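Everything numeric in this text was worked out from a predicted model, so none of it was measured. All chains are named by letter (A, B, ...) in the order of the sequence lines, taking the proteins before the strands, and each is independently numbered beginning at 1.
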Protein chains: 2
Amino acid sequence: MSEPTNTPAAPDQQPAVPADAAPEGDAPAGPSKSELKRRAKEAEKAKKAAERAAREEEEKKKREAEATVDNASQNYGKLPLHQSQERLGRTYLKFGKLSQEDVGKPVVFRARLHNMRPQGAKIVFLSFRQQTHTLQGVLVASGDKDEHQVSKQMLKFAQLIPSESLVVVEGVIKSAEVKSCTIQNFEVGIRKLYTAVEVAQLPFSIDDASRPESDFQRMENEDVQYSRVSLPTRLDNRVMDLRTPANQAIFRISSAVCQMFREHLTSEGFVEIHSPKLQGAATESGASVFKVQYFNGTAFLAQSPQLAKQMCIAGDMERVFEIAPVFRAENSNTHRHMTEFVGLDLEMAIEEHYHEVLDVLDNLFLTIFRGLQSNYSHEIETIKKQFPCDDFLFLEKTLRLKFSEGMKMLREAGATDSEGNPIGEMDDMSTENEKLLGRLVREKYKTDYFILDKFPLAIRPFYTMPDPVDVNLSNSYDFFMRGEEILSGAQRIHDPDFLVERMKVAGIEPSSMQGYLDAFKLGAPPHGGGGIGLERVVMLFLCLENIRRASLFPRDPKRLMP
Amino acid sequence: MSEPTNTPAAPDQQPAVPADAAPEGDAPAGPSKSELKRRAKEAEKAKKAAERAAREEEEKKKREAEATVDNASQNYGKLPLHQSQERLGRTYLKFGKLSQEDVGKPVVFRARLHNMRPQGAKIVFLSFRQQTHTLQGVLVASGDKDEHQVSKQMLKFAQLIPSESLVVVEGVIKSAEVKSCTIQNFEVGIRKLYTAVEVAQLPFSIDDASRPESDFQRMENEDVQYSRVSLPTRLDNRVMDLRTPANQAIFRISSAVCQMFREHLTSEGFVEIHSPKLQGAATESGASVFKVQYFNGTAFLAQSPQLAKQMCIAGDMERVFEIAPVFRAENSNTHRHMTEFVGLDLEMAIEEHYHEVLDVLDNLFLTIFRGLQSNYSHEIETIKKQFPCDDFLFLEKTLRLKFSEGMKMLREAGATDSEGNPIGEMDDMSTENEKLLGRLVREKYKTDYFILDKFPLAIRPFYTMPDPVDVNLSNSYDFFMRGEEILSGAQRIHDPDFLVERMKVAGIEPSSMQGYLDAFKLGAPPHGGGGIGLERVVMLFLCLENIRRASLFPRDPKRLMP
């Protein structure tokens, strides 16, 4: 059967609560004016819900009255609460696995009711959703002598199912041409239709939450009207938001990055570690560390597994990695900072040169980029529909620039420091200049991914190993994607006396880090490593523009819920 | 060359600091008397170290004086600080990969100096260690016309290298018969010997830290004397302790468990998630949650990813898992409690029955057990040398008992509750009775692994789905290894109204968990899951007897360092 004409859904079928129209951004819910507006909207919602409930009650009574003549009454309705009453062992269809072989076969599946469109008095089109896939279902009133009875009451029941309800459907797969669903060559002829979980009221619709920015640009020229769902509204209602195809795909990509990170490193002889997040002392810098009430004392949340990783190397574990939460008590409210994020960390003993670490890290990223492009094209394409994005460019042999070469490119392009002065060779690189360098590199070398090596010693942490020749440089490096830093790393100082010397230069009292020093007194091999922010990699690879979109339940100075 | 006779090491070669002789246990360092003792020991240590330093200085001077006639001076010595001076691209030997093909070949490697034994005036035996492997090295004084010169000075240098120092060795692999090393059919003829990292003073020796309990039992009957290294001393000096072969192997096993957990679940369609550990409200039970100072407010550390996992299911992720730290502010000082441990969690939508979850979990454990026994036998054997352990028994088809059946077995064996009364059918099962049941099951069914299903509703959390028929039972289960619970799980209540009803029964004010309820109002499919404690699985599989031995840097109410 062909798809219906694009008739707008009846208002009472789409629980289309108008979404907060505030521009999308990082700020939390606004002042009292918008709060009042919100409350008014909620009152309106509640009214509509009450009306719907009344209507449903009426419909139910009608249905009951007509039940005596409903010869399809067994084929639809609300299922009892699922308490694992019985295990029939039926195979439930997954839309993603549908193939030509299924045509003509009876199937059973559970899915969300994505939307519904009646056509005339005898046909209802329903669109069912499973994760990133939608499948059209067709419910046609049967003749009295048909084997599978579909009564008028059943058609009405179908029209009253609230969007997002979970339904259990039995039917037959048919060949079809459907434009309005992701599955375009099949549909299901519905024989039985039950609701397993009915949903009352939605904060916004999946369709609205799935729109690309271009839809809103079209609003200016065309006679269309869309509700924009702001990022705070999405995050307040993250369960709903997670159901959009883009989000379903984003968190598959995130999962895949971790998987490839581990598989690659495991194949390189690394061992996975789990280091404690509760620390007895503030490591690295005390300023941005969260304090925890620990029985009668105080603990601190680990800002990185830096010390633990290095202790494992001193403990002869040779090559270790960790994937774990990292906590930063920085009051930064930017597109790329969170107070808790996922750190992908590694540390390894080196034999001759810290470039051994660089090689491991570089091969790791290439493995991840290639793996994503080869095996996750469906997810990448799904995300692009909402977040348009140029393909991520990278070279067969990764571009490695020295920090000084990067600075030279910037100077030649006229880059200045924050005060408008020409940048100096040993300056730190500002976030803005990093982005500019990313653009210059893309233009000149056709890559969105490169490495900067040999940073000035003065702008790196005290435990960074200095260059053996130039005392102003260090054995340290950053990795970049689309002009933003995604990894920072270095060869570390493994000699305790030299560490003390460097601490003093950095103005750190060695006794304040006795635990750190003690580990090296027991003898640590030369080593290096790096730390990657998972959400940054995902955000930059997919052009999500705000790191919160790459975090399931993001945390920032203003958000601890849900 | 055959191995040397077992002459005891000269006292100045072994920095054998007497270890704290307190019996091994969970208690922290003792009262002031033992503290005084410790300080006295430390003074003694310092004295010895000073003496050794003086001796070394003297030796150095001697060596310098003799240097004019030392034709091997290029073949030994202390290397400069490793700052990645050059990258020669040499391949460094890993002991674990030594094979017959290496015999006769020149090699270079880095290793710890494990110990040293001179034999006569012209031979020094050195034992080198890499992780779980030790290799014998032989240094023989050369004749004046030998191609590879080994001078008297070089022999002396070798004898003065402190244990645990990192050395870089060049030599030739030879066939040999060696009993005192883990590699028994090869040794290395040393041509060059350098120290890369010299270690001054050790809290205890690796040999002492590696002894099985049986060594100390032998002390009663035989004329031997060993230092026992207590668990607190080990944990205070964890970097040193991690170098024991048993620990090297334990954390490889731990890493392997995580790897198999993920690989199995990924193959079953699960997606990895990372949920936030900083929570705006205390979830589950407020009593045992850590408070965090969060800018101007308060946050709480997640006691489990329970809510987040369920929100992901409500967000249509279908099947999710997480490996992440879990925080419990319980003031429990037992062999099996820590304030921070690694949770292996999973949650999945179910189609017909919660036994779908049971099947996934059971296959997961079987995969892990089989994987460990097949692929980690070297590690398991290495650990057994220090921690003797019966092979872990499990059945092809896992034993699944109903809770009531378990209670019946206990009653028939005369088990009582904590007050000495016969246990009732709906009682909770005490830890002691769990262990007894483990023994009864092992005897009757020949398995160390089994499942208890259908726990009484009253002793499970409020969100547990009741049995569809017997209102006193629930769709919940525990998994056991060697009589200790390693996993607890259930079908969860997915209906928000029913959840509110159950909260009220449990005495929980629904408004206090509004965020939890909100997730279900958006419609969650029927689902279930479970949570596994990584360290418990590792401890029980390997008979480590204290969970701290399965944690890199354990945290308990009295330990936050290192």
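Between B:V197 and A:G523, the shortest heavy-atom distance links the atoms CG1-CA, 3.8 Å. Closest approach of B:V199 to A:K521, counting heavy atoms only: CG1-O, 3.7 Å. Considering all non-hydrogen atoms of both residues, A:L278 and B:E340 come closest at N-OE1, 3.0 Å.
In this structure, chain B has no heavy atom under 4.5 Å from any part of A:P496. Interface residue A:R112: only side-chain heavy atoms are found under 4.5 Å from chain B. Contacts of B:E198 with chain A are absent, with no heavy-atom separation under 4.5 Å from either backbone or side chain. At a 4.5 Å heavy-atom cutoff, A:D241 makes no contact with chain B through either its backbone or its side chain. The part of A:L81 that comes within reach of chain B is its side chain, from C-beta onward, which places non-hydrogen atoms under 4.5 angstrom from that chain. Residue contact with chain A, scored on non-hydrogen atoms closer than 4.5 Å, is absent for B:Y516. Proximity to chain B (any heavy atom under 4.5 Å) is restricted, for A:N475, to the side chain, taken from C-beta onward. Residue contact with chain B, scored on non-hydrogen atoms closer than 4.5 Å, involves the backbone and the side chain of A:M311 alike. For A:I350, the parts lying under 4.5 angstrom from a heavy atom of chain B are both the backbone and the side chain. Neither the backbone nor the side chain of A:E322 comes within contact range of chain B; no heavy atoms are under 4.5 Å apart. Both the backbone and the side chain of B:V239 come within contact range of chain A, each with at least one heavy atom under 4.5 Å from a heavy atom of that chain. For a residue to count as touching a neighbouring chain, one of its non-hydrogen atoms must lie under 4.5 Å from one of that chain's; by this rule B:M317 touches chain A with backbone and side chain alike. When heavy atoms are compared at a cutoff of 4.5 Å, B:L522 approaches chain A by way of both its backbone and its side chain. Both the backbone and the side chain of A:H355 come within contact range of chain B, each with at least one heavy atom under 4.5 Å from a heavy atom of that chain. Both the backbone and the side chain of A:V292 have a heavy atom closer than 4.5 Å to some heavy atom of chain B. Looking at B:M465, only its side chain comes within 4.5 Å of chain A, counting heavy atoms on both sides. In this structure, the portions of A:P276 lying under 4.5 Å from any heavy atom of chain B include both its backbone and its side chain. Only the backbone of B:D467 comes within less than 4.5 Å of a heavy atom in chain A; its side chain stays farther off. When heavy atoms are compared at a cutoff of 4.5 Å, B:Q293 approaches chain A by way of both its backbone and its side chain. A:R243 touches chain B through backbone and side chain together, each having a heavy atom under 4.5 Å away. Proximity to chain A is limited to the side chain of B:L166, based on heavy atoms less than 4.5 angstrom apart. Interface remark: A:E318 contributes backbone and side-chain atoms alike to the contact with chain B (heavy atom separation under 4.5 Å). Using a 4.5 Å cut-off between heavy atoms, A:T298 touches chain B through its backbone atoms (N, CA, C, O) alone. In this structure, the portion of B:V342 lying under 4.5 Å from any heavy atom of chain A is its side chain and not its backbone.
For chain B, the option among A:P525, A:A324, A:C312 with the highest count of heavy-atom pairs below 4.5 Å is A:P525. Between chain B and the residues A:T339, A:L242, A:T266, the most heavy-atom pairs under 4.5 angstrom are made by A:T339. If you tally non-hydrogen atom pairs under 4.5 Å between each of B:E164, B:K291, B:M338 and chain A, the highest count goes to B:K291. Contact tally against chain B (heavy-atom pairs below 4.5 Å) for A:S254, A:A524, A:P562: the top residue is A:A524. Here A:C258 is the residue among A:G515, A:A256, A:C258 with the most heavy-atom pairs under 4.5 Å with chain B. Among the candidates B:M240, B:R90, B:E263, the residue making the largest number of heavy-atom pairs closer than 4.5 Å to chain A is B:R90. Comparing B:P554, B:S551, B:G528, B:P325 by heavy-atom pairs within less than 4.5 Å of chain A, the highest count is held by B:P325. Interface summary for chain B: among A:G280, A:P468, A:S165, the most heavy-atom pairs under 4.5 angstrom belong to A:P468. Counting heavy-atom pairs closer than 4.5 Å to chain B, the top-ranked of the candidates A:Q248, A:Q130, A:R238, A:E356 is A:Q248.
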Assess whether side-chain contact (heavy atoms from CB on, under 4.5 Å) is satisfied between A:H82 and B:H494, documenting all intermediate values. CA-CA 9 Å; A:H82 189 311; B:H494 59 283; 3.8 Å; yes
As a quick check of understanding, evaluate side-chain contact (heavy atoms from CB on, under 4.5 Å) for B:D316 and A:R129, giving each step before the final call. CA-CA 10 Å; B:D316 282 355; A:R129 193 183 76 243; 3.3 Å; yes
Could you walk me through whether B:Q259 and A:R262 pass the side-chain contact (heavy atoms from CB on, under 4.5 Å) check? CA-CA 8 Å; B:Q259 197 180 326; A:R262 285 183 302 247; over 6 Å; no
Full working for side-chain contact (heavy atoms from CB on, under 4.5 Å) between B:Y92 and A:E352: CA-CA 10 Å; B:Y92 283 64; A:E352 298 183 330; 3.5 Å; yes
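Legend: residues meeting ring-ring contact (aromatic ring centres under 6.0 Å, His included) with B:F321, ordered by chain and number and at least two apart, are B:F261. In this structure, the ring-ring contact (aromatic ring centres under 6.0 Å, His included) partners of A:Y294, at least two apart in sequence or on a different chain, are B:F290.
With rounding to the nearest 0.5 angstrom, the CZ atom of A:F327 is 6.5 Å from the CG atom of B:L301. Here CZ of B:F553 is found 9.5 Å from CD of A:Q279. Values are rounded to the nearest 0.5 Å. Interatomic distance, B:S255 OG to A:E272 CD, rounded to the nearest 0.5 Å: 5.5 Å.
Looking at heavy atoms from C-beta onward, A:H274 lies in side-chain contact with B:I323 at the 4.5 angstrom threshold. Between B:I273 and A:F251, every side-chain heavy-atom pair lies at or beyond the 4.5 Å cut-off.
No donor-acceptor distance shorter than 3.5 angstrom exists from the side chain of A:R555 to the backbone of B:K277, with no hydrogens or angles considered. Using a distance-only test at 3.5 Å, with no hydrogens or angles considered, a donor-acceptor pair links the side chain of A:Q83 to the main chain of B:P466. Judged by distance alone, the side chain of B:E351 and the main-chain N or O of A:R87 form no donor-acceptor pair under 3.5 Å.
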